[in-house]
Amino acid sequence: MVTQKLVGSVGFIGLDELSLDAASSLVRCGYNVRAFEISDSKINGILKLGGIRCSSPKDAARDVSALVVQISHGDQASDIFFGNEGALKGLNKDAIVILHSTISPSLVRKLEKDITGIHGMICIVDAYISRGRSEALDGKVIIASSGNSDSLARARPILSAMCEKLFTFEGEVGGGSKVKLVAELLEGIHLNSSVEALCLGAKAGIHPWIIYDIISNAAGNSWVFKNNVPQLLKGEVKHQILNAFVKELEIILDTSKSLTFPLPLLAAAHQQLILGLSHVGGDDEHAALIKIWEKVYGVNITGAANEDAYSPEQLATQFTTSSKSGRRVGFIGLGAMGFGMATHLLNSNFCVVGYDVYKPTLTRFANAGGLIGNSPAEVSKDVDVLVIMVTNEAQAENALYGENGAVSVLPSGACVILCSTVSPAYVSQLENRLHYEGKDLKLVDAPVSGGVKRASDGTLTIMASGTDEALTSAGVVLAAMSEKLYVIKGRCGSGSGIKMVNQLLAGVHIASAAEAMAFGARLGLNTRLLFDYITHSGGTSWMFENRVPHMLDNDYTPYSAIDIFVKDLGIVTREASSLKVPLHLSMAAHQLFLSGSAAGWGRQDDAGVVKVYETLTGVKVEGKLSALKKEVVLQSLPSEWPHDSLLDIQKLNEINSKTLVVLDDDPTGTQTVHDIEVLTEWSIGSLIEQFRKSPKCFFILTNSRSLSSEKASALIKDICRNLDTAAKSVQNTDYTVVLRGDSTLRGHFPEEPDAVVSVLGEMDAWIICPFFLQGGRYTIEDVHYVADADMLVPAGDTEFAKDAAFGYKSSNLREWVEEKTGGRIPASTVVSISIQLLRKGGPDAVYESLCKLPKGSTCIVNAASERDMAVFALGMIKAELMGKHFLCRTAASFVSAHIGIIPKAPILPKDLGISSERNGGLIVVGSYVPKTTKQVEELKLQCGQFLRCIEVSVEKLAMRPMEDREEEINRIAELADVYLKAHKDTLIVTSRNLITGKTASESLDINFKVSSALVKIVKRITTKPRYILAKGGITSSDLATTALGARCAKIVGQAHAGIPLWQLGPESRHPGTPYIVFPGNVGDSKALAQVVKSWTCPVKLSSTRELLRDAENGGYAVGAFNVYNLEGVQAVISAAEGERSPAILQIHPGALKQGGLPLVSGCIAAAEQASVPVTVHFDHGTSRQDLVEALELGFDSLMVDGSHLSFDENVAYTKFISFLAHSKDMLVEAELGRLSGTEDDLTVEEYEARLTDVDKAQKFIDETGIDALAVCIGNAHGKYPASGPNLRLDLLKELRALSLKKGVFLVLHGASGLSQELVKKCIELGVRKFNVNTEVRKAYMDSLKTPQKDLVHVMESTKEAMKAVVAEKMHLFGSAGKA
C-alpha cells in the first residue's frame, strides 16, 4: 500500500454533507483535515477520515494552509471570526480563508472587508459548493469560487483538491454567491414551467407520463423537468418546499432591485409560488405539492397520470411495420427544414413532387433530383401522401384550400401529413373538414422537431396522432423522415398538443436562459465561464446549452427565429385561454419574444431574445474577451521584479549541468537566441556529438507542425528515444526537453507532450509558456493576447485561432488546455504562475510554487515582459537543481531566458563580412496568414524598383494534374535563375487565394504539396543567392533541410526583432550563406520590406559626406577618380571592391560634354550596384549653367570652381550654387586660390596660380556654407616640373586648424605626381579627398599602344591598366580595407 505524502492541513468551521465530501477529497489528495462543529454526527464524519476534532474556531484555524468556513447567515460571522476563540486568533498570516457561504454577495464582500481590516492582507476567496448535475459530474462536488487573481492562484490547488470541477471567477469576492443566484433563478423558473407544461398537457388530454417520456428526450427538457417531474407526479414532493423556494427567489429579486435589473420571468415564477402557498390550507400539512398545483390550475393532473400508460414509440412501430402506403409523395413547403425533409425522402427512393412559393428553391429541388409543380394543386395530383411543411396555420390553409389548393385534386384515400407547428384546435377542425370532402381523405397530425441538419439526415423527432387508418397510410413516410417517432393516442391534434407542450418549455427555457445570462452579466460574472458552470448545474436545460453559445458569440444567424416562438407561444397562450389554464410564466415569455420581434429582430435567431435585456439594461452577454489597450493594461500591472535575473541564471547554469534540448516544430523558434547550433537531423551519433560539447542548449528542427498528429507523435517518440540513448552514452549528461511551439498556440498539443512522456516518463509538471515579446504575445490573468498595433487581442479572436489544422476557441490558457485535451485535463486542475507572483515574490516564490505542484500537474506561466520570463526561468532552474523534472511547451522567449541569453542588436550584412558576390537575394514566401499577405503587399510597394516577383499558382501545385505541377515548378525555377544572375533580389510567393481542405488532414495535405513544390523549385535554382529569406515556419524548415541540405546550422542572431538568422553549415549546398527565417506571424506590415531593404545591398549606398566623415574619423583619405567611359567606371569599381575601399567616381565638365547623361547614369548605376561605398561627383564646375544642370542629373556632390573669379565674385557664385545643392542634400566643394597646370584642356599658367589665403578662407567658408574646401598649397594639375612639387605644408597645417574649427573637409587636387611621403604627410595634416586624373588617363593611353586582336580585348586591357593605378592609390590614401 502506498502512503500519500501529506501536502498541508485544511481546517473546517461548520460542516454539511458537501463539506464532508470536500474534506474526503482533500484527504485523498494528501491533505490532513481538522474541524470545529457542534453536531456530533457531522464531526464523526471528519473523524472517520482520520481528521481532528477542534474545540473552537481558533483551534480549527491553527497552523492550517487553508480554512473553510461555512456561513449560512451574516450573524454567524462575528462569533466565528472575531470572538475570543474566533478563527482570526489562530490563523497564520499566509493562510487562505475559503468562505463556503450561502449569504448574499454584498454580505460576503462586507465580511472580507471586516476580516482584512483586522487581520491585514489575508488571502480570502468565496466558494459556492454544490453537486454537479451533468452526466459527467452527476452527484460530484463542484465549486464556483471568486477572489482576486493572487488569492485564486494560491487557493486553486486546495479548491481543486476539494472538488471534481472548479470554476474560478476572478474579481472581487462574492462571485460564488452570484453564481448561486443565477443557478437558482433558472431552477425556480424551470420548476414553474414544468408545472405549467403538465397542466396544459393534461387539460389537452395528453397523458402526463407520455409528456414526461417524450419531453425528457426533446428540446423542452431541463434538469429540473427530468429529475423532479417523476417525484412530483408520484406525490413524493411535499408542499413545504414552496417556502424555501419563495425565500430563495426573494433574495434574487431583492438583488435585482438593488441593481435596477428587471427579471420578469423570475417575478412571474415567484408570484406563482406565492399563489401556491396561498392554496395551502390547514388540512394540507402532509399534502403533496402536486395537489396544491391542482388547486391553483384547476387541472386534475393526478387523475390523468393514473390512467393507463403506453409506449408512444412502440405504438409507432406497430403502424410503421404494418404501413402499406405508396411511394409517391407530394411536398408543399421547401423552406430550410422542408427542403431537407424532401431531399431525404428522395434519397430514400420516394418519388417526390415539390412546391414552394420561392422559385429559386424549386430550381434547387429539381437539381437535387426532385419533380416540381407550380402550385399546391399540381403537386397533389395522383399522390399517395401529401406532406405540408409550411410556417403557420394561414399558410397551411392556403396550401390546402386556397386558389389552386391541394384538397380539390387529392385522389381518394390520400393521406395528408401536417408537419407544421399549429394549434391542436386547428388540426381537429381540419380533420373534420377533410372528412366532409367525401373522398376518404386522411389526416395525420405530425409536428417535427430537430432542426435543419436532422431534417436532411432523416433523424427528426416526430410526434404523430390521427386515426389508425391514417397512421397506417403515413407510416412509411413518417419512418423515413424520423429517428424518433412517437404516436400519441387520442384525437387528431394530440401530436400538435405534445409539440405545443414542448414549445412551451423550449420557449420559456430560451427566455429564461436570456434572463439568467443577462443577470449574470449585470452581476459582473464572466458569462462564458458562467455558461460552463450552469451546464453542469441544476439550472441547465437543452435550450440553455444549445442557445446560450449564440448569445456568447453574439451570433444570431437564424436557426429558429424569434418570430417562430412568437407564433408557437401564441398557440400556447391561445390554447391555454381556450382550456382555461392560467399560464403566467409562459405568457411572460411570450411577451419577451413579442418585444424582440417589435424591436425588429423577429427574423434573427430566437437566442436574440437576450437583446431585449441588453437593450433595456445596457449589459452585454457576449462572452468574448474584449480587446484591451496595450498601454493601459501594461501600466496597470505591478512594477517588475527589481533585480535583473540574467546574471543569476548564468551562474546557476554553471552549476546546473542540464542541457536544454529544444524540439522546434518549425525553425522560427530560434528567434531569440544567438551562437547556438540547430540540428536538422537527430541520429544518435549527431546527438552524442552535441552532448559531448556540453552545450547549455541546442535545437532540433522537427518541423512537426507540417505533419499529421499521428506522424508528429511518432517523430517526437523517435527523437526522444535517440536523446535517451545518446545521453546515456555520454557521462554525466542530463537534459530538459522543451517543445518550442507557436506563440499563437498552434501545433500538436497535447499529442507531442504525450509522446515525450510515453518515452521519458511522467514529469513533475508540464510548463506552458507562450509569451513572446518580439511577436507581441502576452499572457495576463491566464489569458493569452496577441498585440495588434496598440491593442491586445485575445488569441482566440485572431486569425491564428481559425487555422484550418490547429484552430481553437479559448483565449484563457487553462480553458485552452481543457479544449485541446478534450477535457482530459480540466481547466480547474491547471495551475498558473501569475504576474503578481513573479513581480512581488520573485524567483523564490516561483521555486516554491513549482516544488509544491503535485506530480503530473499542468502549469501555465503569465508574463508581460522579458524580466517576467527571466524571473520564472530562474525559479524553475532552482527547482530543477532540487531534482524536479519539467516538460516545457513554450514560445521562443522562454528558451533565451532559461539559458541566460543577453540580447544583441540585429545582424546586418556587414556584420557577416559578406563578400562582393553580386547575385540577387532569394525570398521565398509560403505562409498564408493574413499578416504575411499584408507584408508581401508592402514589400512589393516599397521594393518594387529592385525586386522581381514570381507568383506560384497554388492551384497548379495542389489541385491540378502532375504535368501542370511540374510545368509550374520548372517555370518558377528558370525565371528565378535568370533574375538572380542579373543581380536582382527575387521574390517567389505562393498565390494568396487560400485553398483549404474539408478536414484538418486535407488542409495539411494541401500544405504539404505546396511546401514540397517550393522545395523542388529551390533545389532546381542553380544560382547561389547572396542571401536566402524563407517566410513561414513550414516553408523555412523544408527549404533548409530538403532544398539546401543543411544538417547543422549556426544561429548567428536575428535579422530583425523576432526573425532568426542562420548561417548554413559546410555540408549544405550553399555553405556560409545567410539564411533568414521569417516567421509567418511576426512583425508589422512593413517588417518584411525593412528586412529585405537592409539585405538588398550588402553595404548601404553612402553619400560623399559620409565617405569623407568616415575618412576623417579613420584618419585616411578617399580617392576621387576622374572617369570618361565604361572602362574607367569599371576599373574604379573593380579596384574598390577588390581592395574593400570607398571611392568617388568623378566627372569633369569636358567628360560630361562628350559622355552626356549616359555617362552619368552609368556611374550612378555602378555606384548603386557596388558592394562597397561609391559615390558620384561633378568636378570643376566653372559654368553656372553646367552646375545647375548637374543638380538635376543625380550627382551626390559637386565642386563649384570660381577660382578664376575675384574673391567677391567667387563668394557670390559659390553661395548661389551651394544654396541650391544643399536643398538637395548634396555636398558642396569649392576652391579658393588657383592651381596651375592643365586638366581636360583647361590650362592655368603659373603666373595666374595663387595660394589659398587662410583669412580669406575663413570668410569664404562663413559666407558660402560649403562642406569641403579644395586648397592651393603649391599643388598643380597635370605634371609637376622636373624639380618636383613644392608644397607649403605649413600653410596646410593652418588650413587644417581652420577646417576643424569650421567643420569642413580639406581636398587636394593634383595628387598625380606627388611622392608617397608627401601624400601621407598631407593625409596626416587633414586632407580627406585626393583628386586623381593624370596617372589614370596615362595608364589608359599607354595601354592603347599595345596592339590587341579585338575591341573587347582593348576594353579589357585598358580597364586592367587603370584598375592597377586606382588600387595603388587606394593603398596610398589608406582607404583600402576601410569599406
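No hydrogens, no waters, no symmetry mates; every other heavy atom, side chains included, goes into these values.
Looking at Met1362 and Phe1121, their side chains never come closer than 4.5 Å, going by heavy atoms from C-beta outward. Looking only at side-chain heavy atoms (C-beta outward), Val1172 and Arg1140 come within less than 4.5 Å of each other. When side chains are defined from C-beta on, Leu1306 does not count as touching Arg1328, because their heavy atoms never get closer than 4.5 Å. By the 4.5 Å heavy-atom criterion applied to side chains, Val673 and Ser896 are counted as neighbours. In this structure, the side chains of Arg1069 and Leu1064 stay at 4.5 Å or more apart for every pair of heavy atoms. In this structure, Thr672 and Ile901 have side chains that are not in contact, with every pair of non-hydrogen atoms separated by 4.5 Å or more. Within the 4.5 Å cutoff, the side chain of Asp1267 has heavy atoms near those of the His1222 side chain. Looking at heavy atoms from C-beta onward, Leu1088 lies out of side-chain contact with Glu938 at the 4.5 angstrom threshold.
The local environment of NZ in Lys1321 is sparse, with at most 12 non-hydrogen atoms from other residues, nucleotides or ligands closer than 6.0 Å. The number of heavy-atom neighbours closer than 6.0 Å to NZ of Lys904, taken from other residues, nucleotides and ligands shown, is above 12. More than 12 heavy atoms of other residues, nucleotides or ligands sit less than 6.0 Å from atom CZ of Phe1207. The 12-atom threshold is exceeded at CD of Glu1112, counting heavy atoms of other residues, nucleotides or ligands nearer than 6.0 Å.
Without hydrogens or angle criteria, Glu1229 side chain to Met1199 main chain gives no donor-acceptor distance under 3.5 Å. For the pair Tyr1027 (side chain) and Thr1096 (backbone), a donor-acceptor distance under 3.5 Å is absent. Under a 3.5 Å cut-off, the side chain of Thr1175 and the backbone N or O of Pro1173 do not form any donor-acceptor pair. Remark: the backbone N or O of Ile902 is paired with a side-chain donor or acceptor of His674 at under 3.5 angstrom. A distance-only check finds no donor-acceptor pair linking the side chain of Ser1161 to the backbone of Pro1158 [under 3.5 Å]. A distance-only check finds no donor-acceptor pair linking the side chain of Ser1357 to the backbone of Val1354 [under 3.5 Å]. Ser1134 places no side-chain N or O within 3.5 Å of a backbone atom of Ala1131 that could act as its donor or acceptor partner. Side chain of Asn1210 to main chain of Leu1205: no donor-acceptor pair is present (N/O by atom type, distance under 3.5 Å, no hydrogens or angles). Between the side chain of Ser1068 and the main chain of Gly1065, a donor-acceptor pair closer than 3.5 Å is present. A distance-only check finds no donor-acceptor pair linking the side chain of Glu1139 to the backbone of Ala1376 [under 3.5 Å].
Tested against Phe1195 for a side-chain contact (heavy atoms from CB on, under 4.5 Å), the candidates Met1226, His1177, Lys1224 yield a single pass: Met1226.
A pairwise comparison of heavy atoms in Gly1194 and Ile1164 identifies O-CD1, 3.4 Å as the closest pair. Of all non-hydrogen atoms in Trp1095 and Ala1055, the two that sit nearest each other are NE1-CB, 4.2 Å. In terms of heavy atoms, Pro906 sits closest to Asp911 at O-OD2, 3.9 Å. Closest heavy-atom contact between Val1366 and Ala1135: CG1-CB, 3.7 Å. When all heavy atoms of Gly1072 and Gln1063 are compared, the closest pair comes out as O-NE2, 3.3 Å. Annotation for Ala1257 and Leu1298: closest pair CB-CD2, 3.7 Å, computed over non-hydrogen atoms.
We find the CD-NZ distance between Glu1263 and Lys1215 to be 6.5 Å, quoted to the nearest 0.5 Å. Rounded to the nearest 0.5 angstrom, Phe1305 CZ and Leu1227 CG are separated by 7.0 Å. Considering CG of Leu1251 and CG of Leu1287, their distance stands at 10.0 Å, rounded to 0.5 Å. Summarising the geometry, atom SG belonging to Cys1272 is positioned 12.0 Å from atom CG belonging to Leu1292; distances are rounded to the nearest 0.5 Å. Expressed to the nearest 0.5 Å, how far CG of Leu1325 lies from CG of Leu1291 amounts to 10.5 Å. Distance check: Leu1159 CG to Leu1145 CG gives 9.5 Å after rounding to the nearest 0.5 Å.
Ring-plane geometry between Tyr1075 and Trp1062 is classed as tilted, the angle between the planes lying from 30 to 60 degrees on a 0 to 90 degree scale. Classified by interplanar angle (parallel below 30°, tilted 30° to 60°, perpendicular above 60°), the ring pair Phe1373/Phe1330 is parallel.
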**OP:** Report the C-alpha distance between Leu947 and Ile923 in whole Å, list the side-chain angles of each, state the deciding distance to 0.1 Å, and finish with yes or no for side-chain contact (heavy atoms from CB on, under 4.5 Å).
**Re:** CA-CA 10 Å; Leu947 187 71; Ile923 303 127; 3.8 Å; yes

Subject >> Glu866/Gln774 under side-chain contact (heavy atoms from CB on, under 4.5 Å): CA gap, chis, key distance, verdict >> reply: CA-CA 10 Å; Glu866 296 282 18; Gln774 292 87 341; 3.6 Å; yes

**OP:** Evaluate the side chain to side chain donor-acceptor pair (under 3.5 Å) criterion for residues Ser1218 and Thr1264: first the C-alpha distance (whole Å), next the side-chain angles of each, then the deciding distance (0.1 Å), finally the verdict.
**Re:** CA-CA 7 Å; Ser1218 182; Thr1264 61; 5.9 Å; no

**OP:** Could you please spell out the steps behind the side-chain contact (heavy atoms from CB on, under 4.5 Å) verdict for Phe1178 and Asp1186?
**Re:** CA-CA 10 Å; Phe1178 181 65; Asp1186 286 350; 4.2 Å; yes

**OP:** Check the pair His1309, Asp1179 against side-chain contact (heavy atoms from CB on, under 4.5 Å), reporting the backbone distance first and the verdict last.
**Re:** CA-CA 11 Å; His1309 293 203; Asp1179 190 31; 3.9 Å; yes

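Both tests hold for Lys1378 against Tyr1116: distance to the six-membered ring centre under 6.0 Å, angle to the ring axis within 45°.
Using a cutoff of 4.0 Å between basic side-chain nitrogens and carboxylate oxygens, Lys1301 and Glu1294 are not scored as salt-bridged. Ionic pairing of Asp1262 and Lys1259 is not present here: no N-O contact between side-chain nitrogen and carboxylate oxygen is shorter than 4.0 angstrom. Under a 4.0 Å N-O distance rule, the pair Glu1106/Arg1109 does not qualify as a salt bridge. A salt bridge links Arg1105 with Asp1225: the distance from a Lys NZ or Arg NE/NH1/NH2 to an Asp or Glu carboxylate oxygen falls below 4.0 Å.
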